[in-house]
Amino acid sequence: MSKYWLMKSEPGAYSIDDLEKDGQTFWDGVRNYQARNFMRDEMKVGDSVLFYHSNTAPPGVIGLAKVVREGYPDHTACDPNDIHYDPKASPTNPRWYMVDIEFEEKFSQIFELSQLREVKELQKMVLLNRSRLSVQPVSPAEFKKIVRLARTTKK
DNA sequence: GCCAACGTTGGC
DNA sequence: GCCAACGTTGGC
């Protein structure tokens with residue numbers, strides 16, 4: 001039984017276009033324990049991901065990705081030259097984890113946060129209630145609803 | 001660029 | 001283990 005997730009990225013740092021070009025990527029740099037736990041413990045190969053552009057105008061869900069490798073240590077935490085370096089992490093005590101995801105689809109237009117807020121069935125989404133979590137679970141019903149709306153809604 | 005929300009750190 | 005200070009996220 002595969003699960004559904006939402007992952008945020010600032011497009012200036014890593015966008016859906018970057019993912020499409022790369023094909024797949026490792027999701028490094030997450031330094032929040034709850035988000036880490038999802039990646040380390042719960043995300044499985046084959047799980048589906050809503051790719052969300054944050055801190056941009058407008059923010060919203062921009063496409064889909066798929067988990068292709070389960071949680072493993074985020075090596076950038078041990079690299080003093082990396083922007084996400086964490087002196088408390090080490091190869092024997094990695095502290096931070098990441099997954100690999102693969103590009104699946106870019107929507108023809110972004111499905112904006114403001115549009116998500118207007119959908120009755122999405123009012124309980126983590127995104128709308130705990131806005132700062134950068135890796136978060138999405139229910140199957142929420143996932144399907146968003147994908148359908150994103151593919152069919154015309155602005 | 002502002003700033004509210006909120007997660008993390010560290011002194012006690 | 002509390003909680004004030006601090007840093008970051010992310011919408012606007």
Side-chain angles (χ1 to χ4, degrees), chain A residues 3-22 25-43 47-65 67 70-101 103-139 142-143 145-151 153-155:
Chain A
K3 299 199 189 78
Y4 300 92
W5 306 93
L6 181 146
M7 297 173 99
K8 296 181 192 172
S9 186
E10 300 193 15
Y14 197 85
S15 71
I16 189 83
D17 295 320
D18 293 323
L19 182 61
E20 181 167 21
K21 178 162 54 69
D22 294 344
T25 193
F26 50 87
W27 205 256
D28 63 308
V30 170
R31 299 291 179 265
N32 169 282
Y33 289 107
Q34 203 176 354
R36 177 203 70 181
N37 292 347
F38 285 135
M39 292 200 293
R40 188 188 59 188
D41 305 331
E42 295 198 42
M43 295 179 88
D47 284 2
S48 296
V49 175
L50 297 170
F51 197 103
Y52 181 92
H53 277 177
S54 68
N55 206 7
T56 188
V61 178
I62 186 66
L64 302 177
V67 177
E70 290 166 18
Y72 63 107
D74 179 348
H75 59 83
T76 66
C78 299
D79 178 358
N81 297 316
D82 194 278
I83 191 170
H84 298 298
Y85 175 61
D86 179 353
K88 290 180 183 159
S90 68
T92 50
N93 179 23
R95 197 172 206 221
W96 302 112
Y97 285 75
M98 59 190 183
V99 297
D100 289 356
I101 63 168
F103 176 83
E104 275 209 324
E105 174 179 345
K106 180 187 178 183
F107 298 141
S108 57
Q109 52 190 355
I110 191 168
F111 196 71
E112 299 180 14
L113 177 61
S114 61
Q115 295 176 288
L116 292 172
R117 289 193 200 283
E118 290 170 6
V119 181
K120 176 166 52 69
E121 296 92 323
L122 302 179
Q123 293 310 304
K124 296 217 170 107
M125 274 191 82
V126 177
L127 182 72
L128 303 185
N129 297 288
R130 295 263 333 276
S131 64
R132 293 185 52 192
L133 194 59
S134 68
V135 176
Q136 55 180 256
V138 175
S139 79
E142 289 164 352
F143 182 89
K145 185 84 187 171
I146 291 168
V147 171
R148 191 152 54 78
L149 288 171
R151 285 177 180 155
T153 303
K154 293 278 175 280
K155 283 201 275 280

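In this text, all values refer to a predicted model and were calculated from it rather than measured experimentally. Just so we're on the same page: letters track the sequence lines, and every chain starts at 1.
What separates CD of Glu112(A) from P of dG11(C) is a distance of 12 Å, to the nearest Å. Atom CG of Leu116(A) and atom P of dC12(C) are 11 Å apart (whole Å). For the pair Asp86(A) CG and dT8(C) P, the computed distance is 13 Å after rounding to whole Å. In this structure, the CG atom of Leu128(A) is 16 Å from the C1' atom of dC12(C), given to the nearest Å. Taking atom CE of residue Met7(A) and atom P of nucleotide dT9(C), one finds them 15 Å apart after rounding to whole Å. Between His53(A) atom NE2 and dT9(C) atom C1' there is a gap of 16 Å when expressed in whole angstrom units. The distance between atom NE2 of His84(A) and atom C1' of dG7(C), rounded to the nearest whole Å, is 15 Å. In this structure, CH2 of Trp96(A) is placed 13 Å from P of dG7(B), rounded to the nearest angstrom.
Here the nucleotide nearest the side chain of Arg117(A), chosen from dT9(B), dG11(C), dG7(C), is dG11(C). For Arg95(A), the side-chain atoms get nearest to dT9(B) when compared with the rest of dC12(C), dT9(C), dT9(B).
The line from CG of Leu128(A) to CZ of Arg117(A) is 6.0 Å long, rounded to the nearest 0.5 Å.
For dA5(B), neither phosphate oxygen OP1 nor OP2 lies less than 4.0 angstrom from any side-chain nitrogen or oxygen of Arg130(A). At dG10(C), one or more side-chain N or O atoms of Lys8(A) fall inside 4.0 Å of OP1 or OP2 (strictly under the cut-off).
With the nearest nucleotide of DNA chain B identified for both Asn55(A) and Arg132(A), Asn55(A) has the one nearer the 5' end.
Checked by atom type, the side-chain pair Tyr97(A)/Asp41(A) shows no donor-acceptor distance below 3.5 Å.
Exactly one of Lys8(A), Gln34(A), Arg130(A), Met7(A) qualifies for a side-chain contact (heavy atoms from CB on, under 4.5 Å) with Gln136(A). That residue is Lys8(A). Considering Asp74(A), Asp82(A), Asp86(A) as possible partners of Arg31(A), the one that fulfils the salt bridge (Lys or Arg N to Asp or Glu O under 4.0 Å) test is Asp74(A).
Relative ring orientation between Tyr14(A) and Trp27(A) is described as perpendicular, the plane-to-plane angle rising above 60° on a 0-90° scale split at 30° and 60°.
Near DNA chain B, meaning a heavy atom under 4.0 Å away, the residues from residues 31-43 of chain A are Asn32(A), Tyr33(A).
Ring pair Tyr33(A)/Trp96(A): centre-to-centre distance below 6.0 Å.
In this structure, the side chain of Asn129(A) engages the main chain of Gln123(A) through a donor-acceptor pair within 3.5 Å.
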